[in-house]
Number of protein chains: 2
Amino acid sequence: MKSINYELQEHALFSSQWSLLYCLKKNGSMTQKEMAEYLHVESPTITRTLLKLEESGYIKRQSGIDKRERVVSLTEKALACFPAVDESVRRHERNMLCRLSPGEKQQLARLLEKIDYSEERR
Amino acid sequence: MKSINYELQEHALFSSQWSLLYCLKKNGSMTQKEMAEYLHVESPTITRTLLKLEESGYIKRQSGIDKRERVVSLTEKALACFPAVDESVRRHERNMLCRLSPGEKQQLARLLEKIDYSEERR
DNA sequence: AATAATTAATTACCTAAGTAACTAATCGGA
DNA sequence: TCCGATTAGTTACTTAGGTAATTAATTATT
């Protein structure tokens with residue numbers, strides 16, 4: 001499912017990076033722990049991906065009141081390019097799922113969520 | 001979906017390795033090209049995974065009539081442990097999908113195949 | 001028949017994610 | 001209050017996969 005990297009490459013982004021940006025746009029500033037839980041991903045994955053996003057100026061990290069935590073937020077740069085990237089990702093997803101009817105898409109989402117739930121309790 | 005590695009680890013196997021063994025059991029001896037096409041995976045992935053399987057004595061590779069090709073087949077060791085591993089993988093899959101009814105499982109397979117088909121033509 | 005084009009496999013380098021072990025900060029109980 | 005337990009994040013190492021470039025063998029073309 002990484003064909004989406006094709007749409008992202010013109011913004012010098014990879015799919016894993018985009019999901020973090022999207023997460024921050026949706027939820028506002030978050031700690032890395034919160035991001036990991038929200039995205040169902042381990043913390044080293046978050047660390048790694050944020051490091052690259054920080055290098056390329058898409059996010060910044062400030063230490064919170066709890067000095068262990070690092071609060072992550074989007075930079076101006078990220079906010080500026082967000083709509084364009086978002087649009088091209090959505091276009092790609094529409095294209096990807098174009099052989100499914102709206103009903104089928106809903107079915108699929110439901111089934112995958114059921115499986116994901118099983119996965120969590122183990 | 002890598003929770004399956006838990007069942008596999010007692011046989012010192014990883015999920016990617018198991019899919020190659022399963023492929024060979026189902027289809028008999030194959031070239032690496034054939035395996036890559038059958039599994040929808042690139043050839044370097046096959047090379048890498050086979051190397052490890054060869055080291056641990058699960059497969060052997062003989063050069064075919066066409067000297068570019070390497071014909072891969074299961075060793076006695078692989079054939080011997082196959083039933084036990086197969087059973088524990090199946091048990092895991094049943095467990096994984098236990099929240100889906102037989103009808104839902106069929107639905108899911110159908111939907112995923114449709115998407116996979118879209119993915120191929122791109 | 002000799003050379004050009006194609007093909008199977010490998011190598012090197014990349015993204016993506018997980019586990020285990022570690023550090024530093026915070027919290028809790030004696 | 002101080003020391004042990006917990007927690008957030010990082011580092012090191014691993015699986016799993018992809019693309020691009022390379023090598024060696026085969027096929028096609030002139």
Side-chain angles (χ1 to χ4, degrees), chain A residues 1-9 11-23 29-56 58-73 116 119-120 122, chain B residues 1-9 11-23 29-56 58-73 116 119-120 122:
Chain A
M1 218 64 149
K2 292 312 162 217
S3 56
I4 204 172
N5 284 331
Y6 178 79
E7 336 287 310
L8 288 172
Q9 79 188 359
H11 304 94
L13 282 169
F14 288 92
S15 58
S16 67
Q17 299 174 1
W18 174 248
S19 44
L20 298 203
L21 296 185
Y22 193 86
C23 170
S29 299
M30 302 171 85
T31 66
Q32 301 189 187
K33 185 81 197 306
E34 286 167 340
M35 297 184 78
E37 274 165 12
Y38 183 79
L39 297 166
H40 299 96
V41 138
E42 297 302 317
S43 52
T45 304
I46 299 290
T47 299
R48 273 190 300 261
T49 310
L50 285 179
L51 266 173
K52 297 214 180 118
L53 283 171
E54 201 168 39
E55 274 172 34
S56 41
Y58 283 107
I59 60 110
K60 54 179 181 293
R61 297 190 288 178
Q62 292 144 312
S63 79
I65 298 156
D66 184 333
K67 291 266 167 54
R68 289 171 304 180
E69 295 180 337
R70 314 191 70 174
V71 180
V72 187
S73 38
D116 189 43
E119 185 79 6
E120 251 168 69
R122 100 183 1 256
Chain B
M1 217 67 148
K2 293 310 161 217
S3 57
I4 204 173
N5 284 332
Y6 178 79
E7 334 289 310
L8 287 173
Q9 77 187 1
H11 304 93
L13 282 169
F14 288 92
S15 60
S16 68
Q17 298 175 1
W18 173 249
S19 45
L20 298 203
L21 296 185
Y22 193 87
C23 170
S29 298
M30 303 172 85
T31 66
Q32 300 188 188
K33 185 80 197 308
E34 287 168 339
M35 296 183 78
E37 273 165 14
Y38 183 80
L39 296 166
H40 298 96
V41 138
E42 297 303 318
S43 52
T45 304
I46 299 289
T47 299
R48 274 189 300 261
T49 310
L50 285 180
L51 266 173
K52 299 216 179 113
L53 282 171
E54 200 168 38
E55 273 173 36
S56 40
Y58 283 107
I59 60 110
K60 53 179 182 293
R61 297 191 288 179
Q62 292 146 313
S63 80
I65 298 155
D66 184 333
K67 291 265 168 51
R68 289 170 305 180
E69 297 181 335
R70 312 191 70 175
V71 179
V72 186
S73 39
D116 188 45
E119 184 79 7
E120 252 169 68
R122 102 181 358 253

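Below, read A as the first sequence line, B as the second, and so on, with proteins coming before strands; counting in each chain starts at 1. Keep in mind that the numbers below use all heavy atoms, side chains included, and drop hydrogens, waters and symmetry copies.
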Quiz item: A:Glu42 near the nucleic acid: base, sugar-phosphate alone, or nothing, with a heavy-atom cut-off under 4.0 Å?
Solution: base

Practice problem: Would you please confirm or rule out a distance under 4.0 Å between OP1 or OP2 of C:dT6 and any side-chain N or O of B:Arg68? | Solution: no

Quiz prompt | Atom-pair distance (CD on B:Gln32; P on C:dA9), nearest Å | solution = 5 Å

Practice problem: Look at the side-chain N and O atoms of B:Thr47 and state whether any lies under 4.0 Å from the OP1 or OP2 oxygen of C:dT11. | Solution: no

Quiz item: Looking only at side-chain N and O atoms, does A:Ser16 come under 4.0 Å of OP1 or OP2 in C:dA16?
Solution: yes

Quiz item: Heavy atoms, side chains only, cut-off 4.5 Å: are A:Leu13 and A:Tyr58 in contact?
Solution: yes

Quiz item: Would one find a side-chain N or O of A:Ser15 under 4.0 angstrom from OP1 or OP2 of C:dA16?
Solution: yes

Quiz item: Are OP1 or OP2 of D:dA16 and a side-chain N or O of B:Lys52 less than 4.0 angstrom apart?
Solution: no

Quiz prompt | Shortest side-chain distance from B:Lys33, nucleotide among C:dA9, D:dT19, C:dT19 | solution = C:dA9

Quiz item: Would you say A:Ser43 reaches D:dG9's phosphate, i.e. side-chain N/O to OP1/OP2 under 4.0 Å?
Solution: no

Quiz item: Less than 3.5 Å between a donor and an acceptor, one on the side chain of A:Arg48 and one on the base of C:dA17, is that the case here?
Solution: yes

Quiz item: Looking at B:Thr49, does any N or O in its side chain come under 4.0 Å of the phosphate oxygens OP1/OP2 on D:dA16?
Solution: no

Quiz prompt | Phosphate OP1/OP2 of D:dA8 contacted by A:Arg61 side-chain N/O (<4.0 Å) | solution = no

